[in-house]
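Heads up: the structure comes next, in structure tokens.
Counting convention: from 1, in listed order, for ligands and their atoms alike.
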Amino acid sequence: SSAASKSRKPLPPHVPHSVPLLGNAVPYGVQPVSYLRQCMDKFGDCFTFTMMGRKMTFCLDPDGNHFVFNVKLANATAEGAYDKLTVPVFGTEVVYDVPNSVLMEQKKFVKDALTTSAFKAYVPIIVDEARALFAAWPDSNESLELFPEMAELTIRTASHCLMGKEIRDQLHSNVAKLYHDLDAGFKPINVFFRWLPLPSYFARDRAHKIMTQTFLDILANRRTAAASIAAAVAADPSISAPPPPQDVLQSLMDAVYRDGSKMSDEAVAHMMIALLMAGQHTSSTSTSWIIFELARDPATVAALLREQAEVLTGDPNTPPHLLPELTYDALRKFTLLDRVMKESLRLHSPIHTVMRLVIQDLEYKGYTIPAGHFLCASPSVSQYDPAKFPNPEKFDPSRWETPTAGEDGIVGEWNINGVDIAQKAARSSYLPFGAGRHRCIGEFFAHKQIGAIISMFVREFEFEMKRDSKTGERPKAEPDFTSLIVMPVKGSSIEYRRREALRKA
Ligand code: HEM
């Protein structure tokens, strides 16, 4: 260690504190992207600040993204940074409660379940759920707060597709409330403190127990059903057994680790909770942001409708109410829709900062980043880089017509297997789904889910941002960075009218 300490480089520049105890928590917490950009202008693209007594070292720009996302396990870990936050919510034996090699296998189990044939089955489910939700709305509304509606739709679609029909059927009783209680314990402060004497944590822990039990009961029911089918087939081989459910829950029940062992029932239940938490806000906020962007861009809405009409009927002028059912195969051909989603994720990445805990000193750009620091990347910062994305504040799907230097891979084309994920290059400005071994496995599902919802939404409604009663203007939605996932501020609303031919009355 003496050789290492002799060659120790200087620490990254430290951003001065504003409030001694909180460190830089307040400006970072309220406006992280512009705060980080200001720090970057002053201190360069690698710097440290203190938050809640912890040193957070940011590596911004594409090199920084690459450095953080592909850091070696021996140097820095995600579980070190995230376990306080996630283990009480997800539970034991999964994700950040297990060694990284186990997480890699668990991610592969999930990824393997999300096959093309599964997606073909999911798209009609998502379409039906969207149609049912929209049908329950009045024909017009001057002020609809969008995010809670999209959150409701997402929990219905994601639970139906991923968790299984049993969970979807229980949504109206207890699952939605349990989800809410779990979520209340999923706060940025928990990155720093595992447990604070707050009432919401009692609710969180209680919800975790009941949710786990709910999944355990479903597992037991599925086993009983499978056993009685097997017995019936054994007694009478002419009976044809119904296929097992095609969802992630079933795949995890059947999955086998490389060492031949299986996930315990608790681990399966906990993994389902983890997926629910990982997918819910990220997808529902992304859907909301796309609609908010489209609410200010009627030309793109019209072009999206022409694209659907062209792909589904061969005639771009087919009116929305005469369009045939949306399918997985059609969705794959909506290139403008892809660009819209991509551009909205550039501007509104749900996860603005990712973190690792340094466990062995690192060297980066002439600095030593010592053990104990949180090592952070913020793709949201590079996604606003004017050098890569001219006029970066502007929502402009056409910037994706030519693949940009900032781009890394195409949505959905990433392929998981132990080696590929670890070696995927991350020297990119555009990484809303992360990179490297912790890269998102829900991207393709999210992409299909969000794409189907947006396609159904533009068919059904004409919409704008809500008019401000005082100014008469229609202001854009603003981001709220104070929760873990970047959401629109409370109250962000649209005005809509159902298209003439689709009205109920
Ligand atoms: C990881 C973003 C939807 C499951 C990640 C990461 C990001 C991300 C940035 C990397 C985190 C890190 O490196 O620390 C998103 C976005 C989504 C989305 C923008 C939607 C628009 C989903 C969905 C699921 C999901 C729907 C579940 C079906 C996961 C899982 C990981 C992950 C399991 C791996 C965590 C790890 O390996 O440490 N996601 N996600 N995500 N996401 Fe997503």
Check your understanding: Are side-chain N/O atoms of Ser429 and Ser382 paired as donor and acceptor at under 3.5 Å?
Key -> no
**Study point:** Sidechain-backbone polar pair: Tyr364 side chain, Gly64 backbone, donor-acceptor under 3.5 Å
**Key:** yes
Point to revise | Distance filter under 4.0 Å to Gly434 heavy atoms, resulting ligand 1 atoms | key: 9 (C)
**Study point:** Contact check, Arg356 vs ligand 1, heavy-atom distance below 4.0 Å
**Key:** yes
Revision key, fill the gap. Near Leu162 (heavy-atom distance under 4.0 Å), the atoms of ligand 1 are 28 (C)
Review point. Has ligand 1 got any nitrogen or oxygen that is less than 3.5 angstrom from a nitrogen or oxygen of Ser283?
Key: no
Review point. Looking at ligand 1, does Pro432 have a heavy atom less than 4.0 Å from it?
Key: yes
Review point. Does a donor on one side chain and an acceptor on the other come within less than 3.5 Å for Glu129 and Thr157?
Key: no
Check your understanding: What is the closest protein heavy atom to atom 4 (C) of ligand 1, and at what distance does it sit?
Key -> Ala278 CB, 3.5 Å
Point to revise | Proximity of Tyr328 and Tyr122 rings by center, below 6.0 Å | key: no
Review point. Ile441 heavy atoms, cut-off 4.0 Å: which ligand 1 atoms fall inside?
Key: 30 (C), 33 (C)
Practice item. Among all protein heavy atoms, pick out the one at the shortest distance from atom 11 (C) of ligand 1; state its residue, atom name and that distance to 0.1 Å. Key: Val354 CG1, 4.0 Å
Revision key, fill the gap. Per-atom filter on ligand 1: closer than 4.0 angstrom to a heavy atom of Ala446 are 20 (C)
Study note, to complete from the structure: Per-atom filter on ligand 1: closer than 4.0 angstrom to a heavy atom of Ile351 are 2 (C), 7 (C), 8 (C), 9 (C)
Practice item. Show which atoms of ligand 1 fall inside a sub-4.0 Å distance from at least one heavy-atom site of Ser286. Key: 21 (C)
Point to revise | No-hydrogen, no-angle side-chain donor-acceptor test under 3.5 Å, Thr482 and Asp480 | key: yes
Review point. Is the side chain of Ser378 donor-acceptor paired with the backbone N or O of His352 at a distance under 3.5 Å, no angle test?
Key: yes
**Study point:** Enclosure of Arg332 CZ (heavy-atom neighbours >12, cutoff 6.0 Å)
**Key:** no
**Study point:** Sub-6.0 Å ring centroid separation between Phe395 and Phe292
**Key:** no
Review point. Taking the six-membered ring of Phe445, is NZ or CZ of Lys448 closer than 6.0 Å to its centre and within 45° of its axis?
Key: no
Review point. Does a donor on one side chain sit under 3.5 Å from an acceptor on the other, for Asn100 and Thr77?
Key: no
Check your understanding: Relative to the heavy atoms of Phe69, which atoms of ligand 1 are at a distance of less than 4.0 Å?
Key -> 13 (O)
Check your understanding: Can you check whether Tyr35 and Phe49 have ring centres sitting under 6.0 Å from each other?
Key -> yes
Review point. Which protein non-hydrogen atom lies closest to atom 31 (C) of ligand 1, naming both residue and atom, and how far is it?
Key: Cys440 CA, 4.1 Å
Exercise for review: Examine the side chains of Glu266 and Thr212 and answer whether a donor and an acceptor come within less than 3.5 Å of each other.
Suggested key: no
Point to revise | Heteroatom proximity flag, Tyr96 to ligand 1, N/O under 3.5 Å | key: yes
Review point. So, is Tyr82 polar-close to ligand 1, with some N/O to N/O distance under 3.5 Å?
Key: yes
Practice item. Consider every N or O of Thr282 and every N or O of ligand 1, then say whether any pair is closer than 3.5 Å. Key: no
Review point. Hey, is Leu103 touching ligand 1 through its side chain, its backbone, both or neither, going by heavy atoms under 4.0 Å?
Key: side chain
Revision key, fill the gap. A student checking ligand 1 against Pro350 at a 4.0 Å heavy-atom cut-off should list atoms 19 (C)
**Study point:** Lys107-ligand 1 polar pair, N/O distance under 3.5 Å
**Key:** yes
